[in-house]
Amino acid sequence: MYLHIDMDYFFAQIEEKRRPMLKDKIIAVCVFSGRTEDSGVISTVNYPGRALGIKSGMPIATAKKKAPPADSIFLPVDREAYTQASMFIDGIIRKGCDKVVQASIDEWHVEDSDAIQKAPKIKEEIEKKSGLTCSIGVAPSLLGAKMGASKCKPDGLLILDKESEEKLISGSDVEKVPGIGKKTGEALRALGALKIQDISKIDPGNLVETFGRKTGSWLHELSLGEYKSELGEEKEQEEVSRIGTLKMKTRDSYILLEKLSDLEPEAKEWLMEKKKSYKTLTIIFITEDLRTHTKSTTFSHPLPWNSSTEAEKKKLIEEFLSENPMMIRRIGIRFGNFLDLGGQTTLF
Ligand code: TTP
Ligand code: MG
Ligand code: MG
């Protein structure tokens with residue numbers, strides 16, 4: 001059996017947990033682009049906000065028109081906090097199950113013969129330890145588990161057997177099935193298939209001709225109730241970072257550099273363990289208005305984890321200070337663009 005675990009209104013739920021008084025208010029997490037005060041899009045919103053039609057990807061200005069100002073708060077993304085929460089939850093899931101693939105920042109795929117027993121326990125454990133709710137679908141296929149989780153959101157658990165899985169998928173509107181995008185959905189509708197089960201009436205040859213061999217045969221199988229599942233490959237970590245709060249707001253580059261030196265060894269733990277080198281160094285600045293800014297440099301040659309980057313850090317800090325007049329509240333360091341050092345372990 002497969003499990004699909006997806007956190008509920010993830011970024012907004014983390015913000016809500018930090019500010020329990022706002023629980024019944026509209027909490028929208030925003031990607032501010034900085035061009036004007038309201039330029040940018042909604043990253044996610046809690047359920048009171050969804051009830052008013054606010055959703056991910058919507059321009060912030062449009063969302064603000066839908067939300068009464070007294071009842072709503074628009075916050076900037078705090079990616080570091082969400083990544084930390086995601087890593088913490090990842091640890092809880094891996095402790096309970098063997099075959100786990102993290103599919104996105106708030107989503108996990110699990111294959112487990114004991115899934116039905118484990119699912120409620122994992123859900124409870126996540127909530128107890130992180131204070132956050134998730135929704136879990138359990139089904140004979142990963143597609144069924146995924147659709148089950150969406151169906152029981154928020155704070156739900158839905159266990160499907162073969163029969164109820166097939167009922168859910170075959171009775172679903174075509175565009176509600178993960179993997180069927182807007183274009184494919186429209187083309188299927190044009191061929192007369194509104195629901196997955198209707199696809200079985202389309203000649204398979206016609207499907208292959210319209211959608212290509214891979215998608216065409218996948219759609220045909222889907223309509224017959226054949227759902228193949230693979231957990232897929234786990235994506236390797238692409239970057240590591242640590243961020244810290246300064247004792248006081250500052251623009252003093254010496255203090256900023258000192259804070260970075262504290263954070264750097266923690267950020268590099270994973271690099272060191274995996275003997276990786278990196279090509280990109282990023283400094284993260286969170287200014288007094290709580291907005292996040294970054295400054296990066298990419299080296300022409302990969303640097304081993306233990307090389308010194310004092311000069312580059314200083315340069316990035318000075319560049320930032322010259323462009324932005326605000327005080328800095330938190331600062332962080334990120335390493336990315338990894339390369340294996342292979343046999344060159346003598347470097348250490
Ligand atoms: P989702 O799991 O798609 O959404 P969600 O967790 O906010 O809500 P749901 O309860 O329906 O699962 O995405 C996880 C996070 O990814 C989300 O909290 C914010 C971020 N995100 C964006 O930044 N932009 C987007 O367009 C989407 C869909 C998500
Ligand atoms: Mg989610
Ligand atoms: Mg998700």
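Counting starts at 1 for both ligands and their atoms, in listed order. The shown structure was predicted, so the numbers you read here are calculated from the model rather than taken from an experiment.
- The closest protein non-hydrogen atom to atom 1 (P) of ligand 1 is Asp106 OD2, 4.0 Å.
- The closest side-chain donor-acceptor pair between Thr36 and Ser39 falls under 3.5 angstrom.
- Evaluation of the salt bridge (charged side-chain N to carboxylate O under 4.0 Å, His left out) rule for Lys129 yields Glu125 as partners, not counting sequence neighbours.
- For the residue pair Thr282/Ser296, the side-chain donor-acceptor check at 3.5 Å is satisfied.
- Between atom 4 (O) of ligand 1 and the options Asn46, Thr44, Thr133, the minimum heavy-atom separation is to Thr44.
- Distance check for atom 10 (O) of ligand 1: a protein heavy atom is found below 4.0 Å.
- Residue-to-ligand polar distances place Met7 within reach of ligand 1: an N/O pair is separated by less than 3.5 Å.
- With contacts defined as side-chain heavy-atom distances shorter than 4.5 Å, the pair Phe32/Arg291 qualifies.
- Under a 3.5 Å cut-off, the side chain of Glu165 and the backbone N or O of Ser141 do form a donor-acceptor pair.
- Between the CG atom of Asn206 and the CG atom of Leu191 there is a distance of 5.5 Å, given to the nearest 0.5 Å.
- From the protein, the heavy atom lying nearest to atom 12 (O) of ligand 1 is Asp6 OD1, 2.8 Å.
- Atom 25 (C) of ligand 1 has its nearest heavy-atom neighbour, among Cys30, Ser56, Cys134, in Ser56.
- Among all non-hydrogen protein atoms, the one lying nearest atom 21 (N) of ligand 1 is Ser43 O, 3.5 Å.
- Not a single donor-acceptor pair under 3.5 Å links the side chain of Arg251 to the backbone N or O of Ile328.
- With no hydrogens or angles considered, no side-chain donor-acceptor pair links Thr292 and Asp78 at under 3.5 Å.
- Checking only distances, Phe10 does come within under 3.5 Å of ligand 1, N or O to N or O.
- Each of the atoms 5 (P), 6 (O), 7 (O), 8 (O), 9 (P), 10 (O) of ligand 1 lies under 4.0 Å from some heavy atom of Tyr9.
- Contacts between Lys153 and ligand 1, counted as non-hydrogen atom pairs separated by less than 4.0 Å, involve the side chain only.
- Residue-to-ligand polar distances place Arg50 within reach of ligand 1: an N/O pair is separated by less than 3.5 Å.
- For the residue pair Thr280 and Asn337, a side-chain donor N or O sits within less than 3.5 Å of a side-chain acceptor on the partner.
- Side chain of Asn46 to backbone of Lys25: a donor-acceptor contact under 3.5 angstrom is found.
- In this structure, a donor-acceptor pair under 3.5 Å is absent between the side chains of Ser135 and Asp6.
- Proximity of Tyr47 to ligand 1, defined as any heavy-atom pair under 4.0 Å, is confined to the side chain (atoms from C-beta onward).
- No hydrogens or angles considered: nothing links the side chains of Gln197 and Ser223 as a donor-acceptor pair under 3.5 Å.
- Take the Mg ion (ligand 3) and draw a sphere of radius 2.8 Å; the protein N/O/S atoms inside it number 3.
- Protein heavy atom nearest atom 18 (O) of ligand 1, with residue, atom name and distance: Phe11 N, 3.0 Å.
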